[in-house]
Amino acid sequence: MTQKPSIPKGTRDFPPLEVAKRKFIMNTIQSQFEHYGFQPIETPSFENSSTLMGKYGEEGDRLIFKILNSGEYLKKVDESAFAKANYKEITPRISEKALRYDLTVPFARYVVQHQNDIEFPFKRYQMQPVWRADRPQKGRFREFYQCDADVVGSDSLWQEVEFVQLYDAVFTALKLEGVIIKMNNRKILSGIAEVIGASDKLIDFTVALDKLDKIGEDKVKQEMLDKGISQEAIDSASILFSLSGNFASQLEALKELLFTSEVGTEGIEEMLFINDAIQTLGLSTARLQLDVTLARGLNYYTGAIFEVSAPEGVQMGSIGGGGRYADLTGIFGLKDVSGVGISFGLDRIYLVLEELGLFPEEATQGVQVIFINFGDKESLYAMQAIKALRAQSIAAELYPDTAKMKKQMTHANRRSIPFVILAGDQEVADNTYTLKDMVTGTQDTVTLEELIKRLTANS
RNA sequence: GUGGUUGUAGCUCAGCUGGUUAGAGCGCUGGUUUGUGGUACCAGAAGUCGCCGGUUCGAACCCGGUCUUCCACCCCA
């Protein structure tokens, strides 16, 4: 009895063409990371549950994949907890390990654990899969890759400047022009909450504000009221709903709103510094925008917040994000180490490049040439040529079976192999090869030397 | 976690208010062409209608459960 094979919900198989395209993106990101001085690390797929639990809020805990203990795992559960079916008590007893939920917390753990061996500031990048027990949706999976670059051990705003440039460099290298790098600052958001007298509602206020372009001004205000923010507070923040103009002029307007707030003013100073630097240095293809409605990662970001949008006209959410967290490693006992980092959304970047037809042909090219198999004698002859071609870095192979010509040609065609070589009795006798161009359909008979020359010119 | 949606051949989908042997296109296999693919023509194979149970003389179709797909919310990459 055979069972119909399947994979868990929210996971994917990647066929060769998709792997090639994903690698193209990852290689591009990786090479820019390295140009900017980041070093790779890798951490385990699973961590001790205690490392992960409680680091992402209540919602996050629910979305962490827990790994069941091995052996007699029920022995550690006391009967009253079991009888009550209290999963909050039972879970830590039967599961002591959990799959990585993101790359940031494992990185913080890594920094603290290896603090004596790390030279600070430490710039690391990491590209590994993470897992979330979420309900899958379009562009959302239960297993996906994160591509992160972070710096720990430096408060300098030059890091933020560097990350803006790094985003620009990566998307320019991917030929994805016109991406919008949006920035905000937690300190500005805190300042606003402070001056309107809603400091205790900071998270509710900013989460609602974040939805402005999605649900509109009226609904945002309604949500704020629902969350217990006063009408007076909302009114005094009215400038936020009509903020326009460039980076500098928006900051100018905010300055007036926030002049009584120390933290708010500090946030504005930071953003001015970053913007001035970027104005002087310039960006190749990306655009930098201030977006005070941007509110992400508020549980841990303390300064700059980044989010990258696809170019105008492409229907896609954010394709990258990041920010500064003043006390990344504090939860693991290493105080006052500031971190700042960014992340690239591999799957979404893939969808955007696909939609815009930006994958270069060479990124997806497989084998360049295949030899038709006419029998063992002819195949040995072919293998000698294949060896010579491979030595010239030309990807070549022999069809392994002496199948019908039609079958072999069809195989070459389906794999989009651009050239086929026929070497039967006649060619062996003449010490030649018949090279067929599968695109044009033309063919001619040449020497090995000529063969290498032609295929080299074509690759 | 909440609400909705989907499941029929390898793929995309038809299938009438429940009624004999469940169809199409594409793909697949073989042939027209035993050293020539991508186009044409001919023939053929292929489905416990997601799974379990119920209603009925009779279920792909109705009901319940379950899994799966996709979508919205929550949250997020």
Side-chain angles (χ1 to χ4, degrees), chain A residues 1-12 25 56-64 87 100-104 127-148 203-204 207-208 210-211 214-215 219 223 295-300 306-310 316-323 341-352 370-375 378 382 399 402-428 433-445:
Chain A
M1 186 82 165
T2 58
Q3 62 164 13
K4 194 169 191 176
S6 64
I7 56 176
K9 135 165 71 164
T11 65
R12 296 160 291 170
I25 297 172
Y56 309 98
E58 183 125 354
E59 182 77 1
D61 282 357
R62 210 191 77 216
L63 297 178
I64 292 171
Y87 73 95
R100 178 167 64 213
Y101 177 86
D102 73 355
L103 300 179
T104 305
M127 302 203 262
Q128 291 187 279
V130 302
W131 295 269
R132 296 188 184 177
D134 206 356
R135 189 175 291 205
Q137 232 181 84
K138 187 171 190 86
R140 292 174 63 169
F141 305 94
R142 301 211 291 186
E143 177 184 62
F144 60 96
Y145 271 77
Q146 287 192 333
C147 309
D148 283 17
I203 300 279
D204 287 334
V207 165
D210 184 52
K211 296 177 183 169
K214 208 171 168 184
I215 63 175
K219 285 185 178 168
E223 183 171 330
R296 50 175 295 147
L298 291 171
N299 289 327
Y300 40 95
F306 298 100
E307 184 165 297
V308 183
S309 302
M316 184 60 64
S318 78
I319 56 176
I342 60 172
S343 183
F344 289 82
L346 175 63
D347 292 296
R348 289 188 174 177
I349 292 170
Y350 182 102
L351 293 171
V352 171
I370 187 166
F371 283 66
I372 298 291
N373 186 321
F374 286 102
E378 293 88 344
Y399 190 89
T402 312
K404 284 183 183 165
M405 173 75 117
K406 183 186 170 94
K407 191 175 167 71
Q408 297 192 46
M409 293 297 282
T410 302
H411 178 75
N413 198 50
R414 288 202 184 125
R415 284 177 58 196
S416 304
I417 298 173
F419 295 98
V420 168
I421 290 174
L422 297 89
D425 293 346
Q426 197 59 51
E427 285 87 352
V428 174
Y433 300 87
T434 297
L435 175 69
K436 179 178 172 97
D437 182 325
M438 293 297 277
V439 177
T440 64
T442 57
Q443 66 185 58
D444 49 337
T445 304

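Atoms considered below: every heavy atom in the structure, side chains included; atoms not considered: hydrogens, waters and symmetry mates. All values reported here derive from a predicted model rather than from experimental measurement. Just so we're on the same page: letters track the sequence lines, and every chain starts at 1.
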*Should the pair Tyr399(A) and His411(A) be assigned to parallel (<30°), tilted (30 to 60°) or perpendicular (>60°) ring geometry?*
perpendicular
*Glu427(A) side chain: which of A77(B), G35(B), G38(B) is closest?*
G35(B)
*Could you state the CD-C1' distance from Glu59(A) to C75(B), rounded to the nearest angstrom?*
5 Å
*May I ask you to decide if Glu143(A)'s main-chain N or O and Arg12(A)'s side chain share a donor-acceptor pair within less than 3.5 Å?*
yes
*Tell me whether Phe144(A) is stacked on the nucleobase of A77(B), counting only the six-membered base ring and applying the 5.5 Å and 30° thresholds.*
yes
*Quick one: which of Asp102(A), Thr104(A), Asp148(A) gives a side-chain hydrogen bond (donor to acceptor under 3.5 Å, both in side chains) with Ser343(A)?*
Asp148(A)
_Glu307(A) CD to C75(B) C1', straight-line distance once rounded to whole Å_ = 14 Å
*Touch class at under 4.0 angstrom, heavy-atom based, for Gly441(A) against every strand present*: base
*With a non-hydrogen cut-off below 4.0 angstrom, is Val420(A) in contact with a base, only sugar-phosphate, or nothing?*
nothing
*Starting from the 5' end of RNA chain B, give me the residue, Met438(A) or Arg142(A), whose nearest nucleotide shows up first.*
Met438(A)
*Grab the CG-P distance between Asp210(A) and A77(B) for me, whole Å please.*
12 Å
_Atom P, compared across C41(B) and G27(B): separation rounded to whole Å_ = 11 Å
*asked:* Using the side-chain contact (heavy atoms from CB on, under 4.5 Å) criterion, which residues pair with Thr434(A)? Sequence neighbours excluded.
replied: Leu422(A), Glu427(A), Gln443(A), Thr445(A)
*Using both distances under 3.5 Å as the test, list the Watson-Crick or G-U wobble partner of G19(B), or none.*
C57(B)
_Atom pair distance, as rounded to whole Å: CD1 in Ile417(A) and C1' in G38(B)_ = 14 Å
*Specify the separation, in whole Å, of atom CE of Met405(A) and atom C1' of U34(B).*
11 Å
*Using the P atom in both, what is the distance from U39(B) to U6(B), to the nearest Å?*
36 Å
*For the residue pair Phe419(A) and Asp437(A), establish whether any side-chain heavy-atom pair is separated by less than 4.5 Å.*
yes
*asked:* Checking salt bridge (charged side-chain N to carboxylate O under 4.0 Å, His left out) between Asp134(A) and each of Lys9(A), Arg140(A), Arg142(A), which is the one that passes?
replied: Arg140(A)
_Taking pairing as Watson-Crick or G-U wobble with both contacts under 3.5 Å, can you name the mate of C26(B), or confirm there isn't one?_
G10(B)
*In Å and rounded to the nearest 0.5 Å, what is the CD1 to OH distance from Ile25(A) to Tyr350(A)?*
7.5 Å
*asked:* What contact category does Thr410(A) fall into here, base, sugar-phosphate, or nothing, at under 4.0 angstrom with non-hydrogen atoms?
replied: sugar-phosphate
*Go through G37(B), A77(B), U29(B) for me and flag the one nearest to the Lys436(A) side chain.*
G37(B)
*Nearest listed nucleotide, side chain of Arg135(A), among U2(B), G35(B), A77(B)*: U2(B)
*Atom C1', compared across C71(B) and G19(B): separation rounded to whole Å*: 36 Å
*When the P atoms of G37(B) and U29(B) are considered, how many whole Å apart are they?*
14 Å
*Please tell me which of the listed nucleotides, U29(B), G35(B), A77(B), lies nearest to the side chain of Arg414(A)?*
U29(B)
*Ile64(A) and Tyr56(A), any side-chain heavy atoms less than 4.5 Å apart*: yes
*Searching all strands shown, indicate the nucleotide that pairs with G1(B) (Watson-Crick or G-U wobble; both distances under 3.5 Å).*
C73(B)
_Distance between C1' atoms of U5(B) and G47(B) (Å, rounded)_ = 24 Å
_Given G35(B), A72(B), C75(B), identify the nucleotide with an atom nearest to the side chain of Lys211(A)._
C75(B)
*Rounded to whole angstrom, note down the C1' distance from G3(B) over to C49(B).*
28 Å
_In whole Å, I'd like the distance from the CD1 atom of Ile370(A) to the P atom of G37(B)._
15 Å
*Of the nucleotides A77(B), G30(B), C75(B), which has the atom closest to the Lys404(A) side chain?*
G30(B)
*Residue Lys9(A), side-chain atoms from C-beta onward, closest of C74(B), G35(B), U68(B)*: U68(B)
_If you assign Val207(A) and Arg62(A) each to the RNA chain B nucleotide with the nearest heavy atom, which residue ends up on the more 5' nucleotide?_
Arg62(A)
*Rounded distance (Å) that lies between atom C1' of C76(B) and atom CG of Asp61(A)*: 15 Å
*Mind checking Phe141(A) for me? I need base, sugar-phosphate or nothing, with any heavy atom below 4.0 Å counting as a touch.*
base
*For the side chain of Arg132(A), starting at C-beta, report the closest nucleotide among C71(B), G37(B), C76(B).*
C76(B)
*Determine the contact category for Asp102(A): base if any of its heavy atoms lies under 4.0 Å from a base atom, sugar-phosphate if only primed atoms, P, OP1 or OP2 are that close, otherwise nothing.*
nothing
*Value in whole Å for how far the P atom of U68(B) lies from CD1 of Ile7(A)*: 12 Å
*Which part of the nucleic acid, if any, lies within reach of Gln443(A) when heavy atoms closer than 4.0 Å are counted: base, sugar-phosphate only, or nothing?*
base
*Between A46(B) and G10(B), how far apart are the C1' atoms? Round to whole Å, please.*
9 Å
_Separation of the C1' atoms in C28(B) and C74(B), to the nearest angstrom_ = 46 Å
*Name the closest nucleotide to the Gln137(A) side chain, picking from C75(B), C74(B), C28(B).*
C74(B)
*Is there a donor N/O on one and an acceptor N/O on the other, under 3.5 Å, for the side chain of Asn413(A) and the base of G37(B)?*
yes
